[in-house]
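Structure first, then comments.
Quick note: numbers below take in every heavy atom, side chains included, and nothing from hydrogens, waters or symmetry partners.
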Amino acid sequence: MATFDDYVLDTLIRDLVGHDHKPVSFLVYLWIAAEQQRRGGEVCVSYREMAEAIGVSKSSAQARWRGL
């Protein structure tokens, strides 16, 4: 798995979503992968926590997660 810089995950993801709302599925996947790497294991978070972390609505994060 690739190593992600915190700046990419904490700052750039929100900027990407602000300009183009279509990559939400990719952002959800990227965020989950990064959290798994950070935590060193399974990621158990609420849709709200995930949505706030990537800068989208809870329903959008939930719908995109189902799409993965």
Got a sec, which residues hit side chain to side chain donor-acceptor pair (under 3.5 Å) with Asp5, two or more places apart in sequence or on another chain? none

When rounded to the nearest 0.5 Å, the distance separating CD of Gln62 from CZ of Arg64 is 11.0 Å

Minimum heavy-atom separation for Ile32 to Val43, with atom names? O-CG2, 4.0 Å

Non-neighbouring partners of Arg38 that pass side chain to side chain donor-acceptor pair (under 3.5 Å), sequence neighbours left out: Asp6, Asp10, Glu35

Set of residues satisfying side chain to side chain contact (heavy atoms under 4.5 Å, CB included) with respect to Glu49, sequence neighbours excluded: Arg39, Val45, Ser46

Quick one: closest heavy-atom pair of Ala61 and Tyr47, and the distance? CB-O, 4.3 Å

Enumerate the salt bridge (charged side-chain N to carboxylate O under 4.0 Å, His left out) contacts for residues 52-62, please, sequence neighbours excluded, ordered by first and then second residue. none

